[in-house]
Amino acid sequence: MDDATQKERNDEKMVNDAFQHLIDTYLASRHRKKVEVITKAFNFAKQAHKGVRRLSGEPYIMHPIAVAQIACGEIGLGSTSICAALLHDVVEDTDYTVEDISNIFGPKVAQIVDGLTKISGGIFGDRASAQAESFKKLLLTMSDDIRVILIKISDRLHNMRTLGSQLPNKQYKIAGETLYIYAPLANRLGLNKIKEELEDLSFLYEHPEEYRQIKDKLAQIQSQLSYIFDNFTYPIQQRLNELGFHYEIKARIKSPYSIWCKMQNKHISFEEIYDILAVRIIFEPKQPENEITECFQIYANVSRIYKPHPERFRDWLSHPKANGYQALHVTLMSDQGKWIEVQIRSTRMDEMAEQGFAAHWKYKEGGKTTADSENELEKWLGTIKEILDDPQPNALDFLDAIKLNLYASEIFVVTPKGEFKTMPADCTALDFAFSLHTFLGSHCIGAKVNHKLVPLSHKLQSGDQVEILTSKSQKVQKSWIDFVTTAKAKGKIQAILRREEREMQKAGEELLNQFFQTADLEPNSLNIDRLCRIHNVKQREELLSAIGSQKIILGEQDLNALHGKDTTKGTWTRYIPFLHKRSKQQQADTENAEGPQLNIDKKKPVILNEENIRRFIIADCCHPIPGDTVLGYLDEHNHIVIHKRHCPVAAKLKTSDGNHILAATWDTHKKLYFPATIQLSGIDRIGVLNQITNVLSQQLNVNIHKLTVETQDGIFEAEIQLEVHDVEDVRTICKNLKQIEEIEEVTRIS
């Protein structure tokens, strides 16, 4: 038997084993058993993808089987979804049409496959201009049938699990898009387990070194965590046994991505994170209708064993999270002197927390769902439809608006009539006004929170009673965009501002035409461009708006400039102050062009070294230095901009224009200096500043560019700008500064 035949047989066995595992998973579920139609879909897809292989080398059909396995086994979907998952790439990659799928498998499967085909190739296709439109398709299809997005999330999860076979620049694009859109979507749909895996896999490919460090440290403390868990839960088990509960107690270890985020946001080390371990009590209710009462009964008993933290009690039973999550969270002080969070939930609540209420949606075959979860999802899809009614012209703005709607933390706000409204954490009084009605938001002048007058920007707390105050004379202000946090408020404010802008431009156009008529000049693009240069505005629309709002009043000076178009160059410099500056820039560009040209090959990482570093642009938003994990972005001017991989701007670029992302690595051998900023805080004592400068200048021979210090009530905060070779230098500086007794915290900031 030759190698090719043996390989073919091995492939056939692998495919059949994977499909059999899918069938076994389906048969073990609570769904109606429609094995025949699933087998039919498998054979159809297998034939359609025959001879095609993935980048990893395995037969392509393994991907649809894996997606169907996730949809069935990890989300809990039934035969219709499994068939759609098996067929999801057939229309995209073969000659079969949606009509063919409809004729063979029925309209429902065909509708889902069509929805998945419309949003194939990631959220966005190859063309950056199509990004917002593609994302809108995803959301519109989702609002028709939620199974589309659930299968799409399954597809993305399998792609992330097999991302190792892709090139680095593709890995950054896909991982960035996953963190930016898919993980929040999974979270909003209650798919907590999948959300965590998507985040961790993205983290693995974006920051492999940090991921491995955290995994290693978690492995090192595993036995210690097990010891704490066993000692902590032993008296709880005894008490629950006495009460006759059927239960399971699990340890929940914080995910590497969550740990890393906390380290970044709070500027702390791994050792300083106290909530790596949490305890989950999952019980089978004695009577299903009393599960909430039994939750509180368990809480009351564990609180007698260990003292609860007075400010860390979360009741998600009376008011479930917007994604349907229900549980009681209490933080208890263990005998070892550590705070440990305990999550109490029934088996039903646990299933909802892991699989999300989307899996219990009205489409779930053979199952029923609660009215509350149905209403929550309907409400969320309704909000997205509102945003889609007035789409953003800028794709990134549109993405941001949707992403704001994927909030994970909620608060409860009460109306004057006593109605409870769910709002995202950090929302303002103005957000609440827009959530009630667009008219209330656009005419809002303030609010009364708990009967006290507050401004529009006042951040609401859970339990606040809010009364919105309005005035007919109030108009929407541009500054409102800066402090509203919800997608609905942002979208409505931008829509109103755009409408006003259009009206302003119309008025400006009338005034401009009158000006040209009086001046006896043609209202052509040449003259309009000249006026733009005279008033230092970039676009015609900006000029019209400024004229319409009376910021620019056209007069004699403009007439002289327009009629003097053939005069000497010197006359023009008066009206174009940036002319000489631009010439110098052009000259610099010409000089640079004479140097060695960058050879851009998207498949290969860009190497940043001493010879070519000046050819790249180091991003101002995050100030990367050697040792930081970075990527390159090829902008519209063919310049390569270097960003940190976790920079917020880079996160947007990976999602919106991922095809221009390049892998990048440093190779600078400590020969170049880069700017870095260190932030310090500590106890204000005489001589501290002298100690700091002594460590930097005398011990480490570091050049200080700028040093600012502020003191208040015996505490000081300092910011030092200095020059370093790389991240290793920064670590050494931070380590040496921490040796000073009075210093409490040292961290590098962007």
Side-chain angles (χ1 to χ4, degrees), residues 167-169 171-172 175-176 203-214 260 263-264 267 269-270 592 595-635 639-651 653-654 660-680 695-697 699-707 719-738 746-750:
L167 292 166
N169 61 319
Q171 289 176 350
Y172 302 152
F203 178 38
L204 165 63
Y205 286 103
E206 293 232 287
H207 301 281
E209 192 59 40
E210 289 90 337
Y211 178 84
R212 277 191 290 272
Q213 285 173 1
I214 291 173
W260 183 73
M263 287 165 65
Q264 297 296 310
H267 302 297
S269 66
F270 178 90
N592 284 341
Q597 291 298 304
L598 283 174
N599 184 19
I600 300 167
D601 181 353
K602 290 185 181 180
K603 293 182 179 179
K604 294 179 182 176
V606 173
I607 309 295
L608 309 169
N609 55 38
E610 302 93 291
E611 285 76 33
N612 68 14
I613 192 70
R614 296 186 188 282
R615 308 281 292 166
F616 301 97
I617 299 168
I618 304 296
D620 287 335
C621 49
C622 55
H623 293 290
I625 64 175
D628 286 327
T629 48
V630 291
L631 53 76
Y633 172 66
L634 191 64
D635 69 11
H639 297 147
I640 297 177
V641 186
I642 304 300
H643 289 272
K644 286 183 188 175
R645 282 188 216 160
H646 64 277
C647 161
V649 174
L653 293 172
K654 281 179 276 189
H660 287 129
I661 294 295
L662 308 169
T665 57
W666 297 99
D667 188 27
T668 51
H669 309 100
K670 288 191 180 286
K671 290 182 182 177
L672 300 174
Y673 282 98
F674 294 82
T677 305
I678 306 288
Q679 198 173 57
L680 307 91
V695 167
L696 294 172
S697 304
Q699 291 183 29
L700 300 171
N701 196 27
V702 173
N703 189 17
I704 300 171
H705 274 283
K706 187 180 178 183
L707 193 155
E719 204 170 279
I720 307 170
Q721 290 179 18
L722 25 82
E723 282 191 342
V724 296
H725 291 299
D726 51 28
V727 169
E728 195 181 322
D729 281 2
V730 176
R731 289 197 190 107
T732 304
I733 290 165
C734 291
K735 185 181 174 184
N736 284 30
L737 287 172
K738 276 186 178 177
V746 186
T747 185
R748 173 187 163 204
I749 59 172
S750 294

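The salt bridge (charged side-chain N to carboxylate O under 4.0 Å, His left out) test applied to R748 returns D628, not counting sequence neighbours. Taking A663 as the reference, P168, Y172, P605 meet the side chain to side chain contact (heavy atoms under 4.5 Å, CB included) condition, with sequence neighbours excluded. Scanning for salt bridge (charged side-chain N to carboxylate O under 4.0 Å, His left out) contacts around K670 gives D726, D729, with sequence neighbours left out. With sequence neighbours excluded, the residues that form a side chain to side chain contact (heavy atoms under 4.5 Å, CB included) with K671 are E610, H669. In this structure, the side chain to side chain contact (heavy atoms under 4.5 Å, CB included) partners of I607, at least two apart in sequence or on a different chain, are N609, T665, D667. Listed by chain and residue number, nothing satisfies the side chain to side chain donor-acceptor pair (under 3.5 Å) test with S697 (two or more places apart in sequence, or in another chain). Take E723 and apply the side chain to side chain donor-acceptor pair (under 3.5 Å) test, not counting sequence neighbours, and it matches H705. When the side chain to side chain donor-acceptor pair (under 3.5 Å) test is applied to Y211, no partner is found at least two apart in sequence or on another chain. Take K706 and apply the salt bridge (charged side-chain N to carboxylate O under 4.0 Å, His left out) test, not counting sequence neighbours, and it matches no residue. C621 pairs by the side chain to side chain contact (heavy atoms under 4.5 Å, CB included) definition with A619, H643, C647, V649, not counting sequence neighbours. For R212, the salt bridge (charged side-chain N to carboxylate O under 4.0 Å, His left out) criterion is met by E209, not counting sequence neighbours. In this structure, the side chain to side chain donor-acceptor pair (under 3.5 Å) partners of H207, at least two apart in sequence or on a different chain, are T629.
Within a 6.0 Å radius of OH in Y673, other residues, nucleotides and ligands contribute 12 heavy atoms or fewer.
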